[in-house]
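Notes for the one structure printed next.
Below, chain A is the first sequence line, B the second, and so on; all start at residue 1. Because the structure is a prediction, the values reported are computed rather than measured. Atoms considered below: every heavy atom in the structure, side chains included; atoms not considered: hydrogens, waters and symmetry mates.
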Amino acid sequence: MGLQKNRGCGLLTKDNTGERVTIAGWVQGRRDHGGLIFLDVRDRTGIVQVVFDQEKSKSFFDQVEKIRPEYVIAVEGSVIPRSREAVNPKLKTGEIEISADALEIFNPSLTPPFYIEDGIDTDENLRLRYRYLDLRRPEMLELMHFRHKILLETRKYLDKEGFWEIETPMLTRSTPEGARDYLVPSRISPGSFFALPQSPQLFKQLLMVSGVEKYFQIARCFRDEDLRADRQPEFTQIDLELSFSTREKIMAIMEGLVRHLFLQVCGEEINPPFKVLSYQEAMDRFGSDRPDTRFAMELFDVSEIAAKCQFRVFQNAVTSGGVVRGLNAKKCGHYSRKEIDDLTALVKSWGAQGLGWMIVTGDGFKTPLAKFFDPVLLDQIREIADAREGDLLLFIAGDKEKALDILGQLRVHLGQREGLVSPGEKKFLWVIDFPLLAYDKEGKRLTSVHHPFTAPLEEDRPLLASDPLNVRSQAYDLVYNGVEVAGGSIRIHRKDIQEEIFALLGLTPADIEEKFGFLLGAFQYGAPPHGGLAFGLDRLIMLMAGRKSIRDVIAFPKTAAGNCLLTGAPAPVFAGQLAELHISPVLREDKKKG
RNA sequence: GGAGCCGUGGUGUAGUCUGGUAAACAUGCCGGCCUGUCAAGCCGGAGAUCGCGGGUUCAAUUCCCGUCGGCUCCGCCA
């Protein structure tokens with residue numbers, strides 16, 4: 001390599017005027033005037049214009065004429081100011097240009113399949129197949145840089161707080177519960193498999209038993225479930241755990257981390273402590289365990305009033321143990337019948353029986369329900385709903401959990417539709433006191449709401465035996481603008497309680513011994529009280545960067561079908577490889593290819 | 001596992017509903033001219049069997065069925 005790059009293209013300014021510099025990068029574009037050729041040269045710092053004059057560049061001007069977009073070149077020259085008319089205010093470096101007197105072409109380039117520039121609207125298929133070109137686009141490179149800064153500042157902050165970064169195995173054992181595992185066959189132990197970790201959960205608890213006291217890891221996690229815009233099969237967590245702490249202390253440290261990241265990486269001030277809501281309150285007020293509190297529109301309960309009205313659907317809901325809850329879509333009284341019908345269809349798609357509605361007018365309510373409510377009841381509704389002229393009240397009747405959930409979704413839908421969220425607004429809050437267990441109707445058994453290692457609230461422990469579904473846990477979720485970005489809990493550190501939980505989850509003593517014997521064993525040798533939390537790093541970065549897809553902040557993401565279009569993974573392997581691993585594929589008839 | 005949307009020169013789209021000369025526009029690409037452009041300009045040119053397979057029809061980019069790929073959502077994600 002002849003020419004040695006010594007400057008970033010985008011960093012040159014008129015302060016560099018007169019300097020001899022060597023820049024190197026990719027050709028963004030060319031403007032060929034015959035005897036005068038302009039090239040825009042781009043590297044990760046930005047773009048600078050290089051000018052080649054036929055007279056001055058005689059010895060290599062024929063080379064310059066061959067240069068096309070995305071060629072990789074180096075140019076040596078002097079930084080010269082542009083004349084006033086020639087200044088380009090759109091470029092950071094627009095006040096200067098480089099007058100070239102030496103050129104090296106490192107590599108030509110085919111015409112790229114899409115434009116290497118920001119804001120392209122190209123089939124994602126192509127972007128993923130040519131991911132190396134997609135990442136070359138400045139906005140994508142900047143996202144990678146952004147991600148780097150968040151990782152760096154995370155490490156700085158946690159180090160300062162006394163956390164040690166410790167790596168845990170990627171090849172570990174499959175455990176029941178939770179997501180489907182990615183399995184890795186063992187060559188040395190025929191018929192046995194490793195699993196890729198869904199999270200380093202058990203290892204970090206063992207590190208607490210080991211006396212590490214404060215651990216963290218930027219941990220890659222794997223879950224073999226279907227994908228979403230904000231879900232990839234392999235993803236990264238900021239995972240941490242500490243001993244001798246409390247829920248409140250852990251939450252405070254995390255608030256410090258979030259504040260540090262926003263300040264150092266985005267230059268924005270956010271002010272902990274964050275609001276704390278109990279799960280019950282979050283559900284009652286917002287119909288969600290991850291409420292978006294950037295706008296109000298809180299839910300209200302009209303069950304008692306509904307019980308007294310003549311409308312069968314409402315009456316029946318309440319008498320059969322359910323509820324009638326509602327929300328007030330402020331100033332939406334102008335919605336047409338069709339718009340309300342569309343909302344009805346929407347809530348039906350979420351499982352509602354129907355949608356009750358009342359438009360608040362100057363002299364009462366416009367509603368098909370009018371005949372079922374006497375005026376006293378309507379007045380009560382008006383008060384509970386804080387109904388003013390021009391408002392639209394919406395009601396869902398049914399099972400409490402379902403009604404709340406549907407109203408919660410409806411609330412978010414209306415919030416977006418009505419533009420109630422002001423751009424740039426940031427709302428963090430904690431949700432605590434989750435139920436420890438939930439009933440799985442399909443499997444007809446109890447499952448962990450968080451995970452099986454989550455400690456119950458001390459005061460609820462007696463209920464474990466008598467009323468397990470009403471036991472609350474010492475779990476906490478961090479919610480950012482209606483998205484769960486982190487979750488954690490104080491863990492169980494006693495063998496007997498852990499065994500009790502496993503038993504509630506339907507594991508037999510033999511299962512427990514086989515799958516979790518190592519954990520329970522560790523608890524017998526002085527396990528300290530401990531707890532921790534994990535951030536969904538990709539999701540956090542996505543939100544901080546204002547992106548809609550997690551794929552934008554992952555260098556080499558998978559498609560919705562879990563494929564890598566760049567490498568073609570997953571792919572068949574040679575029969576010999578399978579034989580070595582003592583496995584053979586058994587394809588169902590409908591899954592066979594070719 | 002289910003639902004919806006999308007697939008037309010390299011790229012982005014139009015055409016498809018209402019079948020009819022095998023396809024239009026922009027940009028990119030190639031060649032020529034051009035010494036102050038930065039979305040350079042002017043002139044010329046090449047480039048698509050309309051994702052793939054089957055069906056209906058005298059005739060299919062267009063209608064039907066299937067399939068593949070991408071995206072979004074539900075289920076799933078302790």
Side-chain angles (χ1 to χ4, degrees), chain A residues 28-41 47-57 61 65 68-70 80 82-91 93-94 97 99 109-117 119-130 133 175-181 198-199 201-202 221-233 235 346 349-351 409 434 436-438 440 442-443 445-454 473 475 484 487 489 501-502 505 507 534 536 539 548-549 551 557-563 565 568 590 593:
Chain A
Q28 177 72 41
R30 60 190 282 269
R31 290 171 295 283
D32 183 347
H33 290 236
L36 191 70
I37 295 177
F38 298 97
L39 293 183
D40 292 331
V41 180
I47 288 175
V48 69
Q49 172 167 282
V50 180
V51 58
F52 294 87
D53 188 306
Q54 187 164 30
E55 294 307 312
K56 221 178 126 197
S57 312
F61 202 74
E65 288 176 321
R68 291 294 180 272
E70 300 309 317
I80 58 171
R82 300 201 197 180
S83 66
R84 197 136 54 87
E85 317 81 69
V87 164
N88 182 355
K90 289 183 209 158
L91 274 187
T93 59
E97 63 194 356
S99 172
S109 171
L110 298 175
T111 301
F114 47 80
Y115 302 107
I116 310 299
E117 62 190 27
I120 57 167
D121 178 25
T122 301
D123 190 26
E124 206 160 337
N125 221 319
L126 266 189
R127 289 180 55 199
L128 291 174
R129 185 156 45 208
Y130 296 93
L133 295 180
T175 53
E177 299 282 321
R180 195 175 295 111
D181 282 320
Q198 295 182 25
S199 86
Q201 183 61 34
L202 294 175
C221 305
F222 305 86
R223 295 176 190 176
D224 187 4
E225 298 293 347
D226 288 347
L227 292 82
R228 288 287 187 281
D230 62 353
R231 244 162 54 188
Q232 284 272 307
F235 61 100
L346 194 63
S349 77
W350 295 330
Q409 292 187 62
F434 281 81
L436 183 70
L437 300 162
D440 171 16
E442 269 184 38
R445 62 191 186 99
L446 294 175
T447 57
S448 294
V449 168
H450 194 56
H451 59 52
F453 318 105
T454 300
S473 74
E484 181 198 329
S489 63
I501 299 293
F502 282 147
L505 295 174
L507 273 74
R539 211 176 274 182
K548 290 207 169 73
S549 168
R551 294 187 297 276
K558 310 268 188 296
T559 67
N563 299 316
L565 296 181
D590 58 325
K593 285 187 184 175

Worksheet item: Rounding to a whole Å, what distance do you find between A:D123:CG and B:U72:C1'?
Response: 14 Å

Worksheet item: Counting only N and O atoms by type, is there a donor-acceptor contact under 3.5 Å from the side chain of A:Q232 to the main-chain atoms of A:K558?
Response: yes

Worksheet item: Between A:F114 (CZ) and B:G9 (C1'), how many Å, whole number?
Response: 18 Å

Worksheet item: When every nucleotide of nucleotides 34-46 of chain B is labelled 5' to 3' by its protein contacts under 4.0 Å (heavy atoms), B for base, S for sugar-phosphate only, - for none, what sequence of letters results?
Response: BBBBBSB------

Fill in: P spacing across the pair B:A46 / B:G10, given as an integer number of angstrom
16 Å

Discussion item. Between P on B:C73 and NZ on A:K548, what's the gap in Å once rounded to a whole number?
Written reply: 12 Å

Discussion item. Using the C1' atom as the point on both nucleotides, what is the distance between B:C17 and B:U21, in whole Å?
Written reply: 22 Å

Worksheet entry | Presence of donor-acceptor pair under 3.5 Å, side chain of A:Y130 and base of B:G10 | no

Item to complete: Using the closest heavy atom to pick a nucleotide of RNA chain B for each, name whichever of A:R223 or A:R551 lands nearer the 5' end.
Response: A:R551

Discussion item. Measuring only the P atom in each nucleotide, how far is B:U67 from B:A3? A whole number of Å is fine.
Written reply: 11 Å

Practice prompt. For B:G54 and B:G75, measure between their C1' atoms and round to the nearest Å.
Written response: 32 Å

Worksheet, complete the sentence: Taken to the nearest whole Å, CG/A:N125 to P/B:C6 is 16 Å

Worksheet entry | A:S549 vs A:Q201, nearer the 5' end of RNA chain B by closest nucleotide | A:S549

Worksheet item: Looking for any heavy atom pair under 4.0 Å, which part of the strands does A:L505 touch: base, sugar-phosphate only, or nothing?
Response: nothing

Worksheet item: Would you say A:T111 reaches B:G28's phosphate, i.e. side-chain N/O to OP1/OP2 under 4.0 Å?
Response: no

Practice prompt. Rounded to whole angstrom, note down the C1' distance from B:G19 over to B:A40.
Written response: 44 Å

Worksheet item: Which whole number of Å gives the distance between the P atom of B:G53 and that of B:C68?
Response: 15 Å

Worksheet item: Nearest-Å distance, CG (A:L565) to P (B:G69)?
Response: 10 Å

Worksheet item: Which base, if any, makes a Watson-Crick or G-U wobble pair with B:U35, both distances under 3.5 Å?
Response: none

Worksheet item: Which value, in whole Å, describes the distance between the C1' atoms of nucleotides B:G47 and B:U57?
Response: 32 Å

Item to complete: Could you work out the separation of B:C74 and B:G41 based on their P atoms and round it to a whole Å?
Response: 46 Å

Practice prompt. State plainly whether the residues A:R231 and A:D226 are in salt-bridge range, i.e. N to O under 4.0 Å.
Written response: no

Worksheet entry | Whole angstrom value for the distance that separates C1' of B:G4 from CG of A:L346 | 14 Å

Fill in: For atom CZ of A:R228 and atom C1' of B:C77, their distance in whole Å
9 Å

Discussion item. Could you tell me the Watson-Crick or G-U partner of B:G69, where both distances fall under 3.5 Å? Say none if there is no partner.
Written reply: B:C6

Worksheet item: With distance as the sole criterion, do the side chain of A:R231 and the base of B:C77 form a donor-acceptor contact below 3.5 Å?
Response: yes

Discussion item. Looking at A:R127, I'd like to know whether one of its side-chain N or O atoms comes within less than 4.0 Å of OP1 or OP2 on B:C71.
Written reply: no

Worksheet, complete the sentence: Between CG of A:D226 and C1' of B:C74 the distance, given in whole Å, is 11 Å

